Amino acid sequence: MDKYIISFEYCSNREHTVFRYIQPLKLIFKSKAWYVYGFCMLRKDYRLFKLTRIEHLKITEEHFTPPDTIPSVDTSIKQEDIITVTLKFDKKMAFRIYDEFPRDSIIEQNDFLFVTTSLPNSNRLYSYILSFGEYVEIIEPQEIRKNIQSQIKKIQEKYQT
């Protein structure tokens, strides 16, 4: 079977786009997403490329011969810095809270649901919390509470005009 090099634009996690040529070897499902694994001609190494970050994919006319043995790829989820947070939700969010958190981490009190859970201490934490809009409040830790206040202020400044 003929194997062809593919080319595409790739949006890296460093927020810039790079044009790539790779020798595709296999598709891999990792951490809720699909990736293509192959030999990157630019980096001269085997790499994973998340499919949702690929644009303008083209199959070139350039053939390649795959290696007899494909180097293994680490499909494990990388350890992240985890932080314990306590969140206060309006009961209007109960449908999401019971879908997304274990029952033993949820305490019902009056019109609110309190959740103590562990989440990645990264920008994803703030995106996730903000996805609940006006229906969530960070109770602890104070550092995360202050950081989200700062982010909300920056968002608000964008809408002043």
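Along the sequence shown, the residues carry numbers beginning at 1. Everything numeric in this text was worked out from a predicted model, so none of it was measured.
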Original post:
Out of curiosity, Arg43 CZ to Ile22 CD1, how far, rounded to the nearest 0.5 Å?
Top reply: 13.5 Å
Original post:
In terms of hydrophobic clustering (I, L, V, M, F, W, Y; side-chain heavy atoms under 4.5 Å; direct or indirect links), are Ile54 and Val18 co-clustered?
Top reply: no
Original post:
Do Phe49 and Phe8 make the cut of ring centroids closer than 6.0 angstrom?
Top reply: yes
Original post:
Heavy-atom distance under 4.5 Å between the side chains of Glu55 and Cys11, does that happen here?
Top reply: no
Original post:
Run the side chain to side chain contact (heavy atoms under 4.5 Å, CB included) check on Ile148 and Leu125 step by step: do they pass?
Top reply: CA-CA 10 Å; Ile148 203 120; Leu125 167 71; over 6 Å; no
Subject >> Worked check of side chain to side chain contact (heavy atoms under 4.5 Å, CB included) between Lys91 and Phe89 >> reply: CA-CA 6 Å; Lys91 276 195 175 174; Phe89 294 96; over 6 Å; no
**OP:** Examine distances only and state if a side-chain atom of Gln160 and a backbone atom of Gln156 form a donor-acceptor pair shorter than 3.5 Å.
**Re:** yes
Original post:
So with a 6.0 Å cut-off around CG of Asp111, is the heavy-atom count from everything else above 12?
Top reply: no
Subject >> Over 12 foreign heavy atoms within 6.0 Å of CD1, Ile155 >> reply: yes
Original post:
Under 3.5 Å, is there a donor-acceptor pair linking the side chains of Thr116 and Thr86?
Top reply: yes
Subject >> Among Tyr37, Tyr4, Phe64, Phe39, the one residue meeting side-chain contact (heavy atoms from CB on, under 4.5 Å) with Pro24 >> reply: Phe64
Subject >> Intermediate values then yes/no, side chain to side chain contact (heavy atoms under 4.5 Å, CB included), Tyr128 and Glu100 >> reply: CA-CA 11 Å; Tyr128 180 68; Glu100 297 178 26; 2.3 Å; yes
